2 protein chains.
Amino acid sequence: MDLRHLKYFIAAAEELNIGRASQRLYISQPHLTRQIQQLEEELNIQLLLRTPKGVELTPAGKIFLDEARNIRSLMEQGIERTKRASQGKLGRLDIGILGTGILHAIPQILRHFRDTHPDVKVVLHTMSKADQIEALRQKRISIGFHRMPLLNVDIDNLLIINERLYLAVNEDHILSRQESVSFMELANYPIVLFPTEARPNFADRVIELCRNKGFVPEISQLVGDAFTGIALVVGGFGISVVPESTRTLNLPGLVYRPFHDCNSATVDFSCIYQKSEHSAILEAFLAAIHTFKQQHEAQVIV
Amino acid sequence: MDLRHLKYFIAAAEELNIGRASQRLYISQPHLTRQIQQLEEELNIQLLLRTPKGVELTPAGKIFLDEARNIRSLMEQGIERTKRASQGKLGRLDIGILGTGILHAIPQILRHFRDTHPDVKVVLHTMSKADQIEALRQKRISIGFHRMPLLNVDIDNLLIINERLYLAVNEDHILSRQESVSFMELANYPIVLFPTEARPNFADRVIELCRNKGFVPEISQLVGDAFTGIALVVGGFGISVVPESTRTLNLPGLVYRPFHDCNSATVDFSCIYQKSEHSAILEAFLAAIHTFKQQHEAQVIV
DNA sequence: AGCAATCCATACCCAAAAGGTATGGGTATA
DNA sequence: TATACCCATACCTTTTGGGTATGGATTGCT
């Protein structure tokens with residue numbers, strides 16, 4: 001049995017006249033007769049009653065007409081859905097995330113993406129950078145976000161934004177009294193840094209900046225993630241250095257201060273994906289990232 | 001595009017290897033290659049990525065695999081449903097009913113039928129005998145129930161049961177004091193009869209019986225249906241004659257009494273259907289009627 | 001490096017089935 | 001009775017489903 005048989009039967013059942021149906025189908029009447037005979041033989045069920053005026057449906061024919069229409073529309077829908085999937089408008093995108101990127105860039109990128117691709121299911125997986133790379137290679141995720149590039153031949157790295165660093169400090173701390181602070185002040189107080197894993201990481205970046213300025217920071221605590229670090233700062237266990245996007249976190253007793261003497265006090269936020277993957281969904285998501293980049297750069301200029 | 005293409009694609013997508021899939025399908029590998037190429041060309045979408053180890057699914061291919069499986073199972077279900085419809089096990093049966101038949105025979109017949117054909121939707125239409133015949137001809141119903149045969153060349157009449165008649169009388173009435181009464185007593189009291197329409201009808205049958213006994217009954221009221229007649233008896237407006245099945249109606253203040261001197265005091269309950277209709281559902285329903293008849297006759301003998 | 005094994009794609013052939021024309025048989029209407 | 005209408009049958013052509021042989025590309029093994 002063929003989809004053609006279904007199409008022919010639907011036409012005959014709708015016209016209740018094989019000759020008219022054959023005209024509608026642009027085939028000859030005898031051929032339509034034979035095709036419907038074939039269908040009935042194959043099912044071993046009579047679907048049409050032949051009358052002098054035309055044909056009429058048997059009870060089984062009525063049911064089969066329902067089913068045939070159903071299958072036809074499912075077929076059309078299926079093709080439509082496949083086409084949308086091929087354009088990246090339907091499907092699933094698995095994303096690896098880590099740390100403070102979730103606070104600023106990722107939600108905005110996701111919003112852009114969802115506006116243009118509402119039927120793509122986005123699944124976020126929190127995982128370390130090493131896990132992200134492994135997951136990319138195994139295609140468990142299609143794109144990952146992180147702060148420090150880790151070069152790999154098969155992995156592409158795309159810079160999203162370069163964020164200024166801020167001092168995160170308890171409002172009772174002496175440094176909170178200044179509107180902006182000198183980066184050199186970091187030499188004088190114990191610092192809370194993060195994360196512990198996924199080297200090189202954000203903590204390494206801060207230590208590198210200190211070393212460039214000629215001092216070695218005193219690290220009071222090295223904690224697993226930014227949120228834990230912030231909590232320690234709020235609790236008075238030290239000061240911390242955070243990317244600008246962390247300022248979204250407005251905790252009571254916590255203030256953020258810019259550095260007035262260090263233009264290089266920045267950190268990158270990037271995404272990684274497999275060079276060889278050319279899925280339309282990923283392309284669309286990378287386009288959303290570019291949109292975000294352009295909007296962000298425009299804001300900075302303003 | 002064809003169902004064959006779907007079958008082939010499903011096999012290739014499941015095996016992730018065109019050669020193995022072709023073996024599973026008992027066709028040659030080159031032919032499967034070409035068929036899948038055709039499918040992709042027709043959709044204008046790449047569904048499979050060719051790798052040295054075999055093939056893998058593109059995102060669109062994953063969606064199309066879902067859709068194809070869906071269509072395939074719907075196809076199988078559709079054929080199955082059509083087969084059941086052709087055996088009269090799926091579909092719809094429209095039945096015309098009238099009067100007191102609904103009290104005894106019809107529910108039991110329906111129960112038998114529903115046991116063996118649970119997926120046939122039964123629709124009851126209350127309509128007069130003349131309407132039933134018209135509806136049968138227009139195929140708005142497939143079978144009708146009534147009490148008095150009305151011969152028509154194109155309509156078959158099947159006797160279901162022959163019921164004894166009972167006197168329906170108010171418990172305060174003098175006739176209620178006897179366990180059984182004489183049919184001749186009907187000559188002495190005003191009688192409520194029914195129905196008014198669909199001649200010849202049950203009222204005509206009662207009048208005919210009286211005439212056979214040599215008297216003309218005094219008809220106090222001729223009402224539209226049995227239920228109205230019974231209500232009048234309860235209200236003390238007269239006595240009535242009813243088929244045995246009406247005894248199912250146990251109203252307070254109402255008693256039924258047999259006739260001890262009139263073996264012919266019976267009425268038929270029959271069904272009518274079109275001679276030319278040979279639908280499997282109707283055949284199955286007629287079979288249920290035969291089952292009911294046999295059970296009923298067995299009960300009468302016991 | 002080179003050879004064998006695998007896997008998909010291409011070329012070419014045949015047979016089956018899709019689809020066409022001509023025509024016949026049955027039933028209703030003029 | 002003739003005619004129109006509708007479906008079925010007979011027979012022919014063309015398309016295409018499906019086969020075999022073979023080539024190009026990559027991986028793994030020696």
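Keep in mind it's a predicted model, so treat the numbers as computed, not measured. Every chain is numbered from 1 and lettered A, B, ... according to where its sequence line falls, protein lines coming before strand lines.
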- Query: Between B/R24 and B/E14, is the closest basic N to carboxylate O distance under 4.0 Å?
  - Reply: yes
- Nearest-angstrom distance from the residue atom CG of B/L32 to P of D/dG17: 13 Å
- Closest to the side chain of A/P30, out of D/dC7, D/dA10, D/dG18, is D/dA10
- Query: Quick one: do A/R147 and A/D268 make a salt bridge, cutoff under 4.0 Å?
  - Reply: no
- Task: Grab the NE2-P distance between A/H31 and D/dC7 for me, whole Å please.
- Result: 16 Å
- Item | Protein-nucleotide distance (B/I27, atom CD1; D/dT20, atom P), rounded to Å | 12 Å
- Note on the structure: The answer to which of A/K53 and A/Y26 contacts DNA chain C further toward the 5' end, by nearest nucleotide, is A/Y26
- Would you mind classifying the nucleic acid contact of B/E15 as base, sugar-phosphate or nothing, using non-hydrogen atoms under 4.0 angstrom? nothing
- Atom-to-atom span, CZ of A/R34 to P of D/dC11 - whole angstrom: 13 Å
- Note on the structure: Between CG of A/N17 and P of D/dA8 the distance, given in whole Å, is 11 Å
- Message: Please compare B/Q38 and A/G19 by the position of their nearest nucleotide in DNA chain D and report the one closer to 5'.
- Response: A/G19
- B/E283 versus B/S279, side-chain donor and acceptor atoms under 3.5 Å: no
- Query: Between A/E134 and A/K139, is there a side-chain N and carboxylate O pair less than 4.0 Å apart?
  - Reply: no
- Note on the structure: Outermost contacting nts on DNA chain C, any atom under 4.0 Å from chain A heavy atoms, listed 5' then 3', are C/dA18 to C/dT27
- Whole angstrom value for the distance that separates P of D/dA4 from CZ of A/R20: 19 Å
- May I ask you to decide if the ring planes of B/F292 and B/H112 are parallel, tilted or perpendicular, using 30° and 60° as cut-offs? tilted
- May I ask you to say whether B/R137 pairs ionically with B/D154, meaning some side-chain N is under 4.0 Å from a carboxylate O? yes
- What integer distance in Å separates A/R4:CZ from D/dT15:P? 15 Å
- What integer distance in Å separates B/L6:CG from D/dG17:P? 13 Å
- Would you say the side chains of A/Q38 and A/H5 form a donor-acceptor pair under 3.5 Å? yes
- Would you mind classifying the nucleic acid contact of B/Q29 as base, sugar-phosphate or nothing, using non-hydrogen atoms under 4.0 angstrom? base
